[in-house]
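Below, all heavy atoms of this structure are taken into account, side chains as well, without hydrogens, waters or symmetry copies. This is a predicted model, so every value here is computed, not measured. Throughout, protein chains are lettered first and strands after them, A, B, ... in sequence-line order, and every chain is numbered starting at 1.
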Number of protein chains: 2
Amino acid sequence: MPSDEIRAALIRRLCISSAIADEDIKEIEALPISVRQYPAETAVVRDGERATDCCLIADGFCARSKTIASGKRQILSLDIPGEIPDLMSLFLHVMDHDLSTLTPATLGFISHEALLKLHRRRPVLAEMFWRDTLIDAAMFREWIVNVGQRPAPARLAHVMVELRERLRIIGRVDEGSFEMPLTQEQIGEALGITAVHANRVIRQLREEGIVELHRGRVTVIDERRFLELADFDDRYLYQSPTL
Amino acid sequence: MPSDEIRAALIRRLCISSAIADEDIKEIEALPISVRQYPAETAVVRDGERATDCCLIADGFCARSKTIASGKRQILSLDIPGEIPDLMSLFLHVMDHDLSTLTPATLGFISHEALLKLHRRRPVLAEMFWRDTLIDAAMFREWIVNVGQRPAPARLAHVMVELRERLRIIGRVDEGSFEMPLTQEQIGEALGITAVHANRVIRQLREEGIVELHRGRVTVIDERRFLELADFDDRYLYQSPTL
DNA sequence: CCCCGGTTCCAACAAAAGTTAAGGACGCCG
DNA sequence: CGGCGTCCTTAACTTTTGTTGGAACCGGGG
């Protein structure tokens with residue numbers, strides 16, 4: 001994948017939540033990005049490491065997670081193409097969590113230095129990136145609610161809808177089906193339940209004819225009951241800056 | 001409380017995680033702040049509202065929370081003097097959660113306009129506030145892990161230690177005891193458990209001689225076992241910008 | 001001073017989730 | 001094509017947590 005396409009993915013996404021001037025787009029296009037391929041299930045940055053670059057996902061799925069002393073792991077977010085999951089490392093240099101690939105992925109690395117220079121030159125872009133980290137935080141808040149208050153089947157549905165809405169923006173949902181390349185173990189880690197229980201929940205949703213999950217692909221069967229179960233409100237996801 | 005003292009609380013906290021130049025401090029001191037008193041258990045900003053000011057806590061405790069369709073409420077953070085819990089509203093104007101007081105509180109309101117102007121004048125301060133929102137996000141990540149992976153007693157201990165460490169910075173811990181002005185109902189909402197279970201957990205920690213919780217005040221009995229249970233790593237809380 | 005409302009506390013029972021264990025499906029590699 | 005490993009699947013049993021309901025406590029207001 002050429003480096004241009006990678007920038008394009010980023011710009012496309014940024015344009016959705018902010019209006020960007022042409023000259024600013026050019027600035028982004030001029031950002032030096034070094035591209036690297038990663039296999040599935042590989043750490044990109046680890047908890048405790050000091051980051052000097054931010055990682056733009058050009059293709060593939062990633063996840064952020066933290067592991068506690070007991071060895072249990074909690075997935076904090078699923079990250080998709082066009083996103084910069086570790087933008088926070090720009091100012092919080094030492095990582096407080098892991099970033100790793102779920103699938104084989106194409107990642108573009110942008111140095112902190114280049115980003116900071118860009119911010120100085122174009123404060124508007126700095127604000128846009130700041131906004132981006134704030135939406136990230138909003139997603140964490142919703143994730144807390146999901147794990148803390150919803151019964152397990154609703155948790156799964158909620159994560160699915162959120163992922164679908166985000167994939168929809170980048171044109172990766174077709175005919176009510178979309179990718180969610182997690183093992184049941186990982187689904188459990190995302191929902192704060194065990195893999196066995198995750199399996200129970202998946203089966204239940206299938207038996208009730210709500211949603212099908214097979215080989216990392218989600219197919220919604222009964223849209224109405226699916227949305228009802230998920231209790232999803234997209235307000236936190238995309239908010240126009242003009243609001 | 002005079003408006004000077006309020007600014008002082010903010011500056012003191014900001015100085016801890018960043019080095020600020022004298023002229024920048026002066027800029028902050030020049031910020032127009034309008035002070036208001038709030039009774040306990042009162043909404044400051046509500047989910048869905050459009051914010052035009054940010055709220056600096058001068059005195060008292062606040063909490064952020066979200067309520068889902070079923071009526072269940074999840075507390076997302078506990079907020080203490082010196083903090084600006086809704087700084088995110090600067091760019092995410094419509095609130096995605098509630099901010100309310102736990103105790104009677106003195107709050108200082110700073111208009112978005114004034115903050116944005118300050119940022120234009122002093123980009124370094126903008127970065128400092130950005131950093132602040134990033135630490136906020138780091139705390140959300142840890143909160144997700146707490147609710148998602150730790151057994152209930154550890155969850156309680158973890159929230160207690162986090163609060164204590166933050167209170168310590170502002171000089172509000174004396175002799176191993178500190179304020180945590182939550183009802184058991186609210187503790188449940190913070191930990192993602194019911195009030196009844198919260199009560200069980202509190203009793204258990206008391207019976208095991210680990211920590212005492214009485215009338216909104218926490219007294220640690222066995223520091224070693226307390227820390228061990230909490231599984232606390234302060235890395236996410238304060239990170240020097242020079243790191 | 002006493003009553004009232006909100007906490008705190010507790011017990012018994014129900015439901016949800018964790019644990020352990022084991023068989024089956026599937027893809028990959030030799 | 002057969003074997004191996006990973007994931008999925010399921011069942012039986014245990015533990016944790018939720019639910020319901022009620023008693024004791026406590027502080028503030030009449």
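With B:Phe109 as the aromatic partner, B:Arg36 meets the cation-pi criteria of under 6.0 angstrom to the ring centre and within 45 degrees of the ring axis.
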Summarise protein proximity over nucleotides 6-11 of chain D in one line of letters, 5' to 3': B for base, S for sugar-phosphate only, - for none, counting protein heavy atoms closer than 4.0 Å. --SBBB
Going 5' to 3' along nucleotides 22-30 of chain D, which nucleotides have protein heavy atoms under 4.0 Å from the base (write B), which only from the sugar-phosphate (write S), and which from neither (write -)? ----SS---
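When heavy atoms are screened at a 4.0 angstrom cut-off, A:Gly216 is found touching no nucleic acid atom at all.
At a threshold of 4.0 Å, the pair A:Glu142-A:Arg150 counts as salt-bridged, since one of the basic side-chain nitrogens sits closer than that to a carboxylate oxygen.
In this structure, CZ in B:Arg203 is found 8.0 Å from CZ in B:Arg200, a value given to the nearest 0.5 Å. The line from CG of B:Leu10 to CG of B:Leu56 is 5.0 Å long, rounded to the nearest 0.5 Å.
A donor-acceptor pair under 3.5 Å is absent between the side-chain atoms of A:Asp86 and the main chain of A:Cys54, judged by distance alone. Remark: side-chain polar atoms of B:Asp222 are paired, donor with acceptor, to backbone N or O of B:Arg225 under 3.5 angstrom.
For A:Glu212, the salt bridge (Lys or Arg N to Asp or Glu O under 4.0 Å) criterion is met by no residue, not counting sequence neighbours. Taking the salt bridge (Lys or Arg N to Asp or Glu O under 4.0 Å) definition, one finds that A:Glu41 meets it with nothing, sequence neighbours left out. Considering only residues two or more places apart in sequence or on other chains, B:Arg172 meets the salt bridge (Lys or Arg N to Asp or Glu O under 4.0 Å) condition with B:Asp59, B:Glu179.
What separates CD of B:Gln149 from C1' of D:dT17 is a distance of 16 Å, to the nearest Å. Rounded to an integer number of Å, the gap from B:Arg150 CZ to D:dT15 P is 23 Å. Between the NE2 atom of B:His197 and the C1' atom of C:dC10 there is a distance of 14 Å, given to the nearest Å.
Exactly one residue among B:Arg166, B:Arg12, B:Arg64 makes a salt bridge (charged side-chain N to carboxylate O under 4.0 Å, His left out) with B:Glu83. That residue is B:Arg166.
For DNA chain C, each stem of at least three Watson-Crick or G-U pairs (distances under 3.5 Å) is given as range with range: C:1-30 with D:1-30.
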